[in-house]
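Here is the structure we will look at, set down as structure tokens.
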Protein chains: 2
Amino acid sequence: MSAAPEPSDVRSRILTEATRLFAARGYEGTSIQQVAAAAGITRPTLIYHFGSKEGLRREVLEQLLSHWRDDLPRVLAAAQTGTDRFRSALDAVLSFFRDAPDRARLLSREMLDRPEEMTTLFAEHLQPWTSLITDYIRRGQAEGRIRLGIDPEAYLVQILHAAIGVIATGGATQHILRDPPSAERQLAELFRIAKVSLFKDRPHDFGASDGQLL
Amino acid sequence: MSAAPEPSDVRSRILTEATRLFAARGYEGTSIQQVAAAAGITRPTLIYHFGSKEGLRREVLEQLLSHWRDDLPRVLAAAQTGTDRFRSALDAVLSFFRDAPDRARLLSREMLDRPEEMTTLFAEHLQPWTSLITDYIRRGQAEGRIRLGIDPEAYLVQILHAAIGVIATGGATQHILRDPPSAERQLAELFRIAKVSLFKDRPHDFGASDGQLL
DNA sequence: CCTACCGATCGGTAGG
DNA sequence: CCTACCGATCGGTAGG
């Protein structure tokens with residue numbers, strides 16, 4: 001008996017290739033013909049599964065955001081203490097993107113291409129757990145561990161931008177410099193910036209004056 | 001006598017509209033027909049001026065980077081003292097993008113679409129003055145004003161990513177939050193993060209514990 | 001899941 | 001700076 005592919009096999013292959021190609025060349029820069037060829041099928045077959053190119057885009061995006069929505073809250077809940085929670089939260093976000101830079105690129109592209117739609121999707125998928133973080137910051141401020149000058153919402157957005165930006169387009173940006181930092185140096189410095197600009201100075205809290213946390 | 005347009009008039013109108021459309025919809029998402037219509041000419045006329053769509057892209061990008069190359073060094077040279085130099089440098093970069101968010105969007109898109117080309121262009125146009133900044137940071141570290149834990153190159157890249165990201169796609173990202181911060185709050189927080197994570201804590205240095213510098 | 005076909009739009013050229 | 005035209009590719013459909 002021949003190895004009959006389970007029903008969702010072709011479908012998930014299409015999604016995988018579409019994610020990769022949309023991330024690398026953009027939605028407008030990718031033809032469904034190219035996606036179909038990469039998945040080893042013909043164009044009408046792709047249309048049969050997703051209805052249209054627009055339908056394919058929606059499912060690619062849905063898959064990306066659902067991963068975030070379902071997995072991150074679990075990670076955040078796991079960490080207990082103050083600095084541990086900070087560290088594991090930032091670690092979770094960075095790992096999510098670093099394990100698959102396509103996610104960061106796709107997200108950057110969609111924010112540029114369809115800001116209004118992403119506004120809505122962000123509100124649905126991300127607000128629940130971003131609230132956890134801003135609440136955590138305000139509690140830390142009340143308890144004297146966290147700097148009073150911080151704007152919690154703006155702080156979070158800013159750190160996320162730095163994280164997404166450096167992973168999505170890191171390869172290029174590093175060459176504004178004569179001596180481009182490695183990806184590890186880059187992420188270690190992001191950790192340091194995030195930590196130092198969040199907590200009040202307690203020099204030997206953890207990691208001494210360096211931010212080598214990864 | 002009719003108002004005869006000076007020779008470069010049509011050309012610069014094309015460049016202006018191309019910048020706007022490429023920034024909003026991307027290079028692949030914009031047809032030269034759309035650019036030509038926005039500039040009030042026909043498609044073959046655009047080709048006559050720029051040779052090809054690719055030629056148009058190159059000139060749009062060259063115009064963007066030359067502005068940076070020519071103007072920013074002047075601004076950086078103007079500021080003298082330590083904190084003033086820091087402040088005016090960051091101010092110059094943020095103003096450059098905030099005055100024309102299309103620049104941030106276009107730069108983000110090009111970094112995603114053509115990382116290798118941008119690597120080369122960055123090396124040519126930006127390295128001279130990024131070196132000024134990393135040298136400044138190392139001097140500050142030697143003099144004890146600036147934190148020793150900093151990785152100067154990685155720090156600079158990270159702050160630039162936060163700045164470009166928040167201006168290019170700020171409208172969308174803010175809605176990951178229940179109470180989205182305004183653009184001014186966002187930029188003020190970026191200033192605070194950049195300052196606090198750079199200088200050693202001297203509480204009343206300038207701006208007290210807040211980063212309201214804009 | 002495929003072959004065969006559709007109109008529309010793409011970037012670019014000829015020629016003036 | 002324009003009109004008229006080119007082949008190629010686009011997303012999508014008919015029909016099986």
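In the text below, chain A, chain B and the rest are named by the order of the sequence lines, each starting its count at 1.
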Do A:Ser108 and A:Ile164 come within less than 4.5 Å of each other through their side chains, counting heavy atoms only? yes
Which ranges of DNA chain D pair up as stems, where a stem means three or more consecutive Watson-Crick or G-U pairs with both distances under 3.5 Å? C:1-16 with D:1-16
Distance, rounded to the nearest Å, where [X] contributes [atom1] and [N] contributes [atom2]:
| X | N | atom1 | atom2 | answer |
| --- | --- | --- | --- | --- |
| B:Arg43 | D:dA4 | CZ | C1' | 11 Å |
| B:Lys53 | C:dC10 | NZ | C1' | 8 Å |
| A:Tyr27 | D:dC10 | OH | P | 13 Å |
| B:Leu46 | C:dG11 | CG | P | 10 Å |
| B:Phe50 | C:dG12 | CZ | C1' | 16 Å |
| B:Arg25 | C:dC10 | CZ | P | 11 Å |
| B:Glu28 | C:dC10 | CD | C1' | 11 Å |
| A:Tyr48 | C:dC1 | OH | C1' | 8 Å |

Looking at the side chain of [X], which of [options] is the nearest nucleotide?
| X | options | value |
| --- | --- | --- |
| B:Pro44 | D:dT13, C:dT13, C:dC1 | C:dT13 |
| B:Ser31 | D:dG12, C:dG11, C:dC1 | C:dG11 |
| B:Val10 | D:dC2, C:dC1, D:dC1 | D:dC1 |
| B:Gln33 | C:dC10, C:dC1, D:dG11 | C:dC10 |
| B:Ile47 | C:dG12, D:dT3, D:dG11 | C:dG12 |

Classify the angle between the aromatic ring planes of A:Phe199 and A:Phe86 as parallel (below 30°), tilted (30 to 60°) or perpendicular (above 60°). perpendicular
Without swapping roles, check the side chain of [X] against the backbone of [Y] for a donor-acceptor pair under 3.5 Å.
| X | Y | value |
| --- | --- | --- |
| A:Ser95 | A:Ala92 | no |
| A:Tyr27 | A:Glu54 | yes |
| B:Arg43 | B:Gln33 | no |

Can you work out whether B:Thr30 or A:Ile14 has the more 5'-proximal nearest nucleotide on DNA chain C?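 Looking at the nearest nucleotide for each, A:Ile14 comes out on the 5' side.
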Among B:Val35, B:Val10, B:Val60, side-chain contact (heavy atoms from CB on, under 4.5 Å) partner for B:Leu15: B:Val60
Can you find a side chain N or O atom of A:Ser52 that sits less than 4.0 Å from OP1 or OP2 on D:dG11? no
Check whether NZ of the Lys or CZ of the Arg B:Arg11 lies under 6.0 Å from the centre of the six-membered ring of B:Phe50 and within 45 degrees of that ring's axis. yes
